[in-house]
Amino acid sequence: MAKVSIKLNGQRVEAQAGSTVLQAAKAAGVDIPTLCHHPALKDIGACRMCVVEVTGQREVQPACTFPISEGMEVTTETPKVNALRKFVLEMLFSERNHYCMFCEMSGDCELQSMAYRFGLDHWTYPSTYGPMPVDASRKHFMMDHARCILCRRCIRACEDLVANHTLGLKARGAKTFVCADMDVPFGDSTCVSCGTCLQVCPTGALVDRRSAFGGREKDVALTSTACTFCSVGCEAEVVTRAHRVLRVEGDWEGANSGLLCVAGRFESLEDGRPRVSSPMVRRGANLVPTTWDEALDQVATKLKAAPESVSAYVTANALNETLDSFTELFQEQVGASVSQLEPSTKRLGLPSEQGLGVIDRADAILVAGVDLDSNHRVVGYAIKRAREEGAELRVYCPSLNGCKPFGPKKSVIRDLKAGIELCQGAQQPVVVYGLGLTPDEASQLAVLRGKASFVALAPAANEAHAASMGLASGSTNHARVAYLLLSDQPQDPLTASLAGECEFVVAHAAYEGHVTEKADVVLPAPLWYEREGTFTALGGRLAQVRPALSPPPGILPEPEVLSRLADRL
Amino acid sequence: MAKPKIATDWLGGCAGCHMSLLDIDERIVALLELVELTSSPVTDLKHPPEEGVAVGVLEGAINNTVNLRVARQMRQRCKTLVALGDCAVFGGVPAMRNAFTTKEALERAYITSESTVDGKVPQDPELGRLTKRCCSVGEMVPVDVNLPGCPPSADAIFNTLSALLEGRAANPTGDDLKYD
């Protein structure tokens with residue numbers, strides 16, 4: 001790309017043609033103060049903190065939106081621009097309640113840090129704001145309008161990144177407020193609670209209910225990991241303090257470009273089920289806590305007694321290391337039949353090798369048999385974004401909810417043929433499919449092999465690895481001993497029925513539920529943020545899972561439990 | 001030459017800034033060798049002397065008519081007025097009541113708060129009346145030096161007072177400038 005030469009604070013610098021003054025300055029290592037700018041968002045020049053002097057321009061210009069041109073002379077620090085920046089801060093501080101001493105964000109706030117930088121020791125204008133609404137209608141985070149500086153980062157995140165378009169502004173001047181849809185409470189709006197706005201908010205206007213006042217950036221620890229709640233495998237940072245998880249944040253550098261969904265960001269920390277805290281064995285009607293040795297000895301004895309009548313089930317949400325040890329132990333050492341608990345998309349016989357990247361480049365997208373409104377939501381955000389970039393979208397899922405809230409009405413099709421034809425006529429078509437397809441529909445889609453990129457959205461996060469281990473779903477009849485490795489997965493009645501007829505049931509699970517209550521031996525498992533390992537996410541990407549907290553004493557990593565069990569056989 | 005005089009007083013605040021002033025520890029001895037503390041809420045004499053002082057220090061926001069009277073008197077009787085702490089500089093915690101009407105604020109404080117039984121709003125004529133809005137000292141009288149902080153650190157207070165006595169610029173910078 002062509003280079004343009006400009007003079008920045010008297011120094012000649014080369015920058016990419018078409019970049020803004022802010023980008024050029026950043027590349028040259030010159031710091032320009034900003035507030036409404038966020039690296040992941042499009043710049044709109046809302047706050048005017050980044051004003052600079054440009055020779056030949058009648059007035060100062062916002063660096064974040066002003067494009068550079070050959071020979072341009074820019075000065076970033078002059079008494080004039082610094083006075084203007086301080087003026088902007090005084091206006092912002094006096095406009096609403098920006099008292100730091102009772103604000104959740106104090107210490108991490110970008111407005112506060114700008115005020116320190118410019119030595120703002122008071123503001124000239126009286127703060128005449130009246131009562132300011134607080135919207136606490138959303139479950140996971142709330143909005144205190146009194147802390148809002150109207151930088152519109154949240155609005156741009158909702159628009160540019162999530163393509164949800166819930167947020168906007170209402171009214172004008174000092175009465176301007178961020179609002180949802182046609183000015184309804186956030187909780188009643190089309191908001192999907194992905195929390196991207198919460199993550200980009202520079203002040204304490206958007207507050208995470210769980211982590212509020214839990215600790216400032218300097219007090220907390222960050223662990224880079226991957227969300228294990230679906231196969232997208234969003235890269236995330238878990239924020240912890242004093243052995244407690246405060247919140248989960250998206251990693252801007254990650255494969256998912258910082259986006260998370262409500263399941264990964266909020267619901268992942270709100271599992272209310274009681275936890276299994278130590279190994280337990282059945283004594284009569286009761287499960288009683290015991291040592292690992294006693295519990296594992298009991299399991300080993302049963303496994304050795306009748307290996308041919310052992311059925312081993314593992315959740316395909318387990319990490320690669322767990323799946324590997326599990327199949328090695330049960331398939332090779334014990335000689336039992338091994339299956340995965342969740343149904344697999346493999347049975348549809350379609351390709352599944354593609355990841356999120358193909359969606360961004362697609363010109364036609366067919367969503368078939370998958371409800372992106374309640375699962376794999378981040379894929380849904382990518383598709384909505386692609387649609388706004390011009391990709392044609394067709395949604396076919398009669399067996400689910402029809403995906404009505406997901407795509408516009410005209411994109412919902414009743415006949416799969418319309419979607420297939422669209423893909424055949426497109427340059428870079430993408431088929432996003434899931435288990436809502438019947439085998440017959442899947443075979444219709446097979447004509448697009450070689451033409452379209454296929455993205456398989458399986459119910460289990462690590463289906464790709466489970467499939468590569470040769471695991472399939474299904475139950476074995478006549479098993480007398482069942483070992484179920486459930487991790488933190490829900491123990492629905494269907495799973496419990498797998499254990500129903502067995503004489504001896506081992507439940508290896510993080511939480512109590514239908515399976516553990518019937519089990520003869522219960523082995524505790526770590527939670528998602530206590531596990532370490534890898535899993536094979538969408539497109540075959542190896543996602544790294546790192547422990548943000550160590551498991552409570554007495555709870556061992558799954559592979560270690562399996563290896564201790566193997567030693568006893 | 002007589003030692004320069006300092007007077008302090010508090011308005012609508014929590015006394016925390018005065019605690020921070022006392023928190024300058026043994027340096028208070030050095031400070032008192034250089035200056036004379038004529039009056040303060042923590043000494044016997046409460047009001048600044050009529051002949052005036054060099055430095056007047058006010059903590060707290062202007063929340064009622066008595067606060068306003070005290071602030072005006074201090075302004076008249078001092079050469080340099082220091083607004084000490086977030087309440088004096090910005091309005092701070094007491095200014096939270098600006099989001100409500102005066103009536104709502106009084107009822108909440110004296111009648112409907114959870115720990116109150118048979119409460120009533122005090123009506124004694126000796127008490128000041130709440131001003132319509134709670135505001136910073138600077139909104140009512142001219143302030144020369146603003147030292148925000150909740151409270152400002154003992155170091156910040158010491159540095160500001162020493163700078164004033166030595167005739168240097170007293171505006172807080174670096175670590176002395178804190179809002180919380």
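All chains are named by letter (A, B, ...) in the order of the sequence lines, taking the proteins before the strands, and each is independently numbered beginning at 1. These numbers come from the heavy atoms of this one structure, side chains and all, not from hydrogens, waters or symmetry mates. Since we're looking at a predicted model, the values are computed, not measured.
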* **Residues of residues 82-89 of chain A near chain B, each having a heavy atom less than 4.5 Å away** => none
* What parts of residues 111-124 of chain A touch chain B if we use heavy atoms and a cut-off under 4.5 Å? -> Gln112(A), Ala115(A), Tyr116(A), Gly119(A), Leu120(A), Asp121(A), His122(A), Trp123(A)
* List the atom of Ser127(A), the atom of Arg133(B), and the distance in Å for their closest heavy-atom pair. => O-NH2, 2.6 Å
Counting only heavy atoms not in [X], do more than 12 sit closer than 6.0 Å to its [atom1] atom?
X: Asp175(B); atom1: CG; result: no
X: Tyr125(A); atom1: OH; result: yes
X: Glu270(A); atom1: CD; result: yes
X: Phe100(B); atom1: CZ; result: no

* Hey, which residues of residues 82-93 of chain B are touching chain A, say heavy atoms under 4.5 Å apart? -> Asp86(B), Val89(B), Phe90(B), Gly91(B), Gly92(B), Val93(B)
* Structure fact -> Among residues 14-53 of chain B, residues within the sub-4.5 Å heavy-atom range of chain A, in order of number, are none
